[in-house]
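The structure appears below as structure tokens.
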Amino acid sequence: MVKFNRFTLDNGLRVIVHEDNTTPMAVLNILYDVGARDENPEQTGFAHLFEHLMFGGSVNIPSYDEPLQRVGGENNAFTSNDITNYYITLPSVNIETAFWLESDRMLSLAFSKKSLEVQRNVVIEEFKQRYLNQPYGDVWLKLRPMVYKKHPYQWATIGKEIKHIEDAKIEDVKAFFKKHYNPQNAIMVVGGDIKTEAVKELAEKWFGPIPAGEKYHRNLPQEPEQHEERRETVTAKVPLNDVYIAFQMGDRLDESYYVAELLSDILSRGNSSRLYRGLVKEKQIFSEVHAYMTGSLDTGMFVFEGKPLENISIETAEAAIWDELEKIKTIDIPVDELTKVQNKTESTMIFSEMSLLDKAMNLAQFELLGDADLLNRETEKYLEVTSAKIKALANKLFRKDNSSTLIYLAEKAV
């Protein structure tokens, strides 16, 4: 059970406080309700570019890292298709430094052409290294547009293409900041050896004066249900053939989310999972095979990925995955197999409650979903999943006409 208090500033900033006096540390986590899905389709990669720009210094603090290092702090950030999250961990006696740093860049990020140029080059380099020049690096650039025809999940967080980052103008970047990086579009969680009253004072002092900004009303085109099989085959400089099969699934708030998560665990979590046992160990078809889901706030993806052994044809490998799916669609999951993955999930949840940073991030994300207290009811939802629910969901999801299959063929040396 994670206990917390919450309040909202007049400018709309939601603040959650988790008091934990078992540690001398504190964490300040700010989640901005903006991700790659909120970008203009002609200007993608902006949310991720922003994550980099936010470390380029603000008007009053030219170097973000220096003051933080002086007080023993660390910071980082990540962007997804749904959110952008920044966090600072530091000794709790120095928590005000975190308030000062985060409030200053929310209020007045330094938009210099130099900073944009520097971060633009960093992002372009990342695009090339991680997505274009790495084996299988472009998988999401290819798979997302297959699964999504209407929703902006069509592109990866890095963006659709490098050109969008190259062409980013300072006025476009400023407009994106103004639209999304304001108090009423943010959730702040402060956790650690700190009292709620002290957090209230610091929040009022540092964030209270920041103007609320205009409220952003999200109105995204939703993805229609898929009713046709989609396939693409590419030949690339990859070490082994690879097969990806993606299925559309419900969104993060859909009741089926918990069923899908346990379904992916039964199929792919650990060496006793079905795919590993059946397709790697016994039949020796794959060198590795995985099942996972995206857990997106809107329509998600349930993905299978496997690298067949060199002597196995792609057709055999693909058929083997479908055989496993047919089993899960037709034969009830034994109770002990389901209980085992439920127990593993429960222990993972308990373990994540031990880390201060994990707790802070989780509280912010559940608050975004509607209520931070959902975090405390999460384990129950997994324990309510039955074999019948798993079978029903498998039949709903794992259909040929709900599949997008991407095949990588390794170029053969002549």
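Quick note: residue numbers are just sequence positions, from 1.
Taking E223 as the reference, nothing meets the side-chain hydrogen bond (donor to acceptor under 3.5 Å, both in side chains) condition, with sequence neighbours excluded. Residues meeting the ring-ring contact (aromatic ring centres under 6.0 Å, His included) test with Y216, sequence neighbours left out: H180. Residues passing the side-chain hydrogen bond (donor to acceptor under 3.5 Å, both in side chains) test with K160, sequence neighbours excluded: none. Every residue meeting the side-chain hydrogen bond (donor to acceptor under 3.5 Å, both in side chains) condition with Q43, not counting sequence neighbours, appears here in chain and number order: D172. Annotation: side-chain hydrogen bond (donor to acceptor under 3.5 Å, both in side chains) contacts of N5 (sequence neighbours excluded): T196. For D323, there are no salt bridge (charged side-chain N to carboxylate O under 4.0 Å, His left out) partners two or more places apart in sequence or in a different chain. Every residue two or more places apart in sequence or in another chain that forms a ring-ring contact (aromatic ring centres under 6.0 Å, His included) with Y153 is listed here: Y148, H151. In terms of the ring-ring contact (aromatic ring centres under 6.0 Å, His included) criterion, residue partners of F302 (sequence neighbours excluded) are, by chain and number, F304, F398. Taking E166 as the reference, I124, I162, K163 meet the side chain to side chain contact (heavy atoms under 4.5 Å, CB included) condition, with sequence neighbours excluded.
Checked by atom type, the side-chain pair W206/E102 shows no donor-acceptor distance below 3.5 Å. Between the side chains of N376 and D373, at least one donor N or O lies within less than 3.5 Å of an accepting N or O. The closest side-chain donor-acceptor pair between S80 and D82, if any, does not fall under 3.5 angstrom. With no hydrogens or angles considered, a side-chain donor-acceptor pair links S272 and K340 at under 3.5 Å.
Residues F99 and M188 form a side-chain contact, since some pair of their non-hydrogen atoms from C-beta on lies under 4.5 Å apart. E378 places a side-chain heavy atom less than 4.5 Å from the side chain of Y258. In this structure the side chain of K149 reaches within 4.5 angstrom of the side chain of R230, judged on heavy atoms. Counting heavy atoms from C-beta on, the side chains of P183 and P211 never come closer than 4.5 Å.
E232 pairs in a side chain to side chain contact (heavy atoms under 4.5 Å, CB included) with only one of the listed residues (T405, L406, L143, I407), which is L406.
Both tests hold for K307 against Y136: distance to the six-membered ring centre under 6.0 Å, angle to the ring axis within 45°. Cation-pi contact between R105 and F55: present, with separation from the ring centre below 6.0 Å and deviation from the ring axis of at most 45°.
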* Applying side-chain contact (heavy atoms from CB on, under 4.5 Å), run through V189 and Y87 and close with a yes or a no. => CA-CA 9 Å; V189 180; Y87 56 89; over 6 Å; no
* Pair L297-R37, side-chain contact (heavy atoms from CB on, under 4.5 Å): steps then yes or no -> CA-CA 10 Å; L297 294 182; R37 64 176 176 162; 3.5 Å; yes
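Between the CD atom of Q248 and the CG atom of N402 there is a distance of 5.5 Å, given to the nearest 0.5 Å.
With respect to K329 and E326, a salt bridge is recorded, a charged nitrogen being found less than 4.0 Å from a carboxylate O. At a threshold of 4.0 Å, the pair K381-E261 does not count as salt-bridged, since none of the basic side-chain nitrogens sits closer than that to a carboxylate oxygen.
The list of salt bridge (charged side-chain N to carboxylate O under 4.0 Å, His left out) pairs with a residue in residues 16-33, not counting sequence neighbours, reads D20-K359, D33-R218. Listed by first then second residue, pairs satisfying salt bridge (charged side-chain N to carboxylate O under 4.0 Å, His left out) with a partner in residues 275-296 number zero, not counting sequence neighbours.
Around the CD atom of E74, the shell of radius 6.0 Å holds no more than 12 heavy atoms that belong to other residues, nucleotides or ligands. The environment of CD in E310 is sparse: at most 12 heavy-atom neighbours from other residues, nucleotides or ligands sit within 6.0 Å.
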List the atom pairs, with distances to 0.1 Å, where a side-chain N or O of residues 45-53 and a protein N or O form a donor-acceptor pair under 3.5 Å, not counting sequence neighbours.
unit_1 : atom_1 : unit_2 : atom_2 : d
H48    : NE2    : H52    : NE2    : 3.3
H48    : NE2    : E126   : OE1    : 3.3
H48    : NE2    : E126   : OE2    : 3.4
E51    : OE1    : T79    : N      : 3.1
E51    : OE1    : T79    : OG1    : 2.5
H52    : NE2    : E126   : OE1    : 3.4

